[in-house]
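First comes the structure, then the notes that go with it.
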2 protein chains.
Amino acid sequence: MAASTLSEVARLAGVSLATASRVLNGSSRKPAEDIAERVREAADKLGYVPNAQAQALAKSSSGLIGLVVHDIADPYFSAIARGVQEAARQQNRMVLLASTTGTPADEKEAVAAFAARRADSIVIAGSRSVREEDKQGNAELAAELDRYCRNGGHVGVVGHPVVGATAAEGYHVVEVPNEELAAGLAEQLAASHNGAFLIIAGPEGLYTSDDRVRGFQRGLADAGRPAAEVIRTGFNRAGGFEAGKALAERIKGSSDRLCIFAVNDVMAIGVTAALRPEGVWIPRDATVAGFDDIETLRDFRPALSTVHLPLEDIGRLAAGDPDTAPISGTVKLRRSTETPVESQL
Amino acid sequence: MAASTLSEVARLAGVSLATASRVLNGSSRKPAEDIAERVREAADKLGYVPNAQAQALAKSSSGLIGLVVHDIADPYFSAIARGVQEAARQQNRMVLLASTTGTPADEKEAVAAFAARRADSIVIAGSRSVREEDKQGNAELAAELDRYCRNGGHVGVVGHPVVGATAAEGYHVVEVPNEELAAGLAEQLAASHNGAFLIIAGPEGLYTSDDRVRGFQRGLADAGRPAAEVIRTGFNRAGGFEAGKALAERIKGSSDRLCIFAVNDVMAIGVTAALRPEGVWIPRDATVAGFDDIETLRDFRPALSTVHLPLEDIGRLAAGDPDTAPISGTVKLRRSTETPVESQL
DNA sequence: CTGTTAGCGCTTTCAA
DNA sequence: TTGAAAGCGCTAACAG
């Protein structure tokens, strides 16, 4: 990685280092045009590429924004990543990516690495958890973030504050109204569904999942309905699939049409996929709703009822874009929770 | 971004800068254990975080790997990104992300930025094009890459070499056998489909698209079939959708069952989505095949016939992982191209 | 307006 | 084994 340096350019142009710097990299002061031209020529001839590392070191600001996600290939995260990327572009920064396995310990590593690179800000998009096994990891992550903030860094967290993080300067949480939206979904669902409800949730202690469960139950209660049974499984397609498999017999054995709320879209897809080969059709034999409104899943049939979340905006906001409005979602009722007309049966 | 520095640590521990460096950041030489312990304590107390920028500057190696994609939210790219990310993790590097709008000019910018950051290697995942309007952009991109390689950088390009790039040292192309695989798909399709074929392709000049078209036509020819008509549209879902809309009447007006090959999965989904509300059912009234085997689309019904591409491996390979085998794909015939049994009609 | 000169934080010879 | 010192490439006072 040995490119030519500023001083080489300066020498070739026959000017001082400072002048070359002023010409090539935006300074408030602008040297005379003739000398500037000479410098640019020299730079061009040498194929000069400014060393961003050295610049960052000299002005202590890296132009980097760090993004922590569980899995960049997960459409939920990649949508957020797009938003972060856009914000970064506007701010003239670059995005540093870290995928973690989802454990706070891993996230702590990532944050430390970002801090080492002197990222101007860090966005954490993974979901927070309060599970016992994550306790120490959470504490360490919180400490790391705290230190980073104290050193002048900015942190944007999606959804929920990192457990134990003191609300330091520069620490910013993008609130996602999961609970309210889930309540809204439940109410709208209750309006057209008379049977029982069932929730397929992620592991207990996952904030996002817990919020959505709580909200849904509240919505049900507000609609005068009994609380739904909750099944715990993995917070991903595989989890939904497993739950679906386990549910098939039960649905077939009952005459009551069940309304299933999976706490995110990919889980809902998993449920549906598991049910289909068992002969359980959606929405004929049961109905299914999800949460997130993942774009790639929009062509899925039956179209999935869900709650639309502006994921890109979430990313943008977490990355500190000032022009993005606070997050709100919308309930989207689609085919997967329609009551079939008699003639369609 | 003012954290404590190595010299502060050294002073607190009462040792020299050099010793502190040797203790904290792996050196071949190891100071005495008692002194090392003192240094570690001091570092801990001060919350020392090594400045990666400064380290990079001093040893001229940044530990960065740059990734250029068109759109990180596109499942094709995010799958590749995951592979790159994994490789980076193994190499103990971090991924720098750049999304471009797909024009070579943008990609050139991204490469320049990576070069400025002294990325150890750069992965370019966007598809190459030879269109006239991209000519200058391509040339500039090629020049930029060339310079980067000459300065010791490593480049991994997915699919096709950058147009005009001289095969410099460090320049590496991950070959994706698009043409062969498309030919294979055509042959297998021809075995069970007697009617006409039609190809929905991206804009002419897009290598990936062109390769798949050419391969498909060759496969058809090898199977003794006439060449398929080719419709050009956008290389994305919207393009497929548009083509599907335009095709609906024609399909309904003909008694011949058409087999449609969309050159990638999201286009195939777009076609299917456009056809459905027109009453054209797949595979009853026409059949559809795609390319890529995007994971998120796997639950789509009718299950899409396609060509599986190991996208993660592609990413890993492009990022210079030595343990990943060369890329090969597999034809996957699924429901969307099945000939319906009479009883199902 | 231009040039000189300290650093930015760290690694790494080279002496001691 | 430890320490002193010379950079790595660039920016930003400060001086001319």
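Each chain gets a letter, A, B and so on, in the order the sequences are listed, and its residues count up from 1. Keep in mind that this is a model prediction, so the values were computed, not measured.
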Separation of D:dC8 P from A:L6 CG (nearest whole Å): 14 Å
Proximal nucleotide (of D:dG3, C:dG9, D:dT11) relative to the B:A58 side chain: C:dG9
Closest listed nucleotide, where the reference is the side chain of B:V15 and the choices are C:dT11, D:dG3, D:dT11: D:dG3
Verdict with supporting geometry, A:L317 and A:I314, side chain to side chain contact (heavy atoms under 4.5 Å, CB included): CA-CA 5 Å; A:L317 214 50; A:I314 290 178; 5.8 Å; no
Residue pair B:I124, B:L145: steps toward the side chain to side chain contact (heavy atoms under 4.5 Å, CB included) verdict: CA-CA 10 Å; B:I124 302 189; B:L145 282 173; 3.8 Å; yes
Out of D:dC10, C:dT11, C:dT12, whichever nucleotide has its closest atom nearest the side chain of B:L17: C:dT11
Spacing of B:Q53 atom CD relative to D:dT11 atom C1', expressed in whole Å: 14 Å
Pairs satisfying side chain to side chain donor-acceptor pair (under 3.5 Å), at least one member in residues 96-109 of chain B, at least two apart: A:R89-B:D106, B:T101-B:D106, B:E107-B:R128
Contact under 4.0 Å: A:T5 side-chain N or O vs D:dG9 OP1/OP2: no
Any B:S16 side-chain N or O less than 4.0 Å from OP1/OP2 of D:dT2: no
Flag, side chain of B:R117 to backbone of A:A52, donor-acceptor distance under 3.5 Å: no
Pairwise side-chain contact, B:L6 with B:P50, heavy-atom cut-off 4.5 Å (strictly under): no
Euclidean distance, atom CD of residue A:Q55 to atom P of D:dC10 [Å, nearest integer]: 7 Å
Contact nearer the 5' end of DNA chain D, comparing A:P50 with B:A18: B:A18
Earlier contact from the 5' end, DNA chain D, for B:D34 and B:K59: B:D34
Whole angstrom value for the distance that separates C1' of D:dC10 from OH of A:Y48: 7 Å
Any A:S7 side-chain N or O less than 4.0 Å from OP1/OP2 of D:dG9: no
Pair B:E140, B:Q136: side-chain N/O donor-acceptor within cut-off below 3.5 Å: yes
Five-pair end axes of the helix from C:dC1-D:dG16 to C:dA16-D:dT1, angle between them (10°): 40°
Short side-chain N/O contact to D:dG3 OP1/OP2 from B:T19, under 4.0 Å: yes
Distance, rounded to the nearest Å, where B:R11 contributes CZ and D:dG3 contributes P: 15 Å
Salt bridge (charged side-chain N to carboxylate O under 4.0 Å, His left out) contacts touching residues 51-72 of chain B (sequence neighbours left out): A:R82-B:D71
Plane angle bin for A:H160 and A:Y207 - parallel if under 30°, tilted between 30 and 60°, otherwise perpendicular: parallel
B:N51 CG to C:dG7 P, straight-line distance once rounded to whole Å: 18 Å
Integer-rounded Å distance: D:dC10 C1' and A:L24 CG: 12 Å
Distance in angstrom units between B:L57 CG and D:dC10 C1', rounded: 8 Å
Donor-acceptor pair under 3.5 Å, B:R118 side chain vs D:dG9 base: no
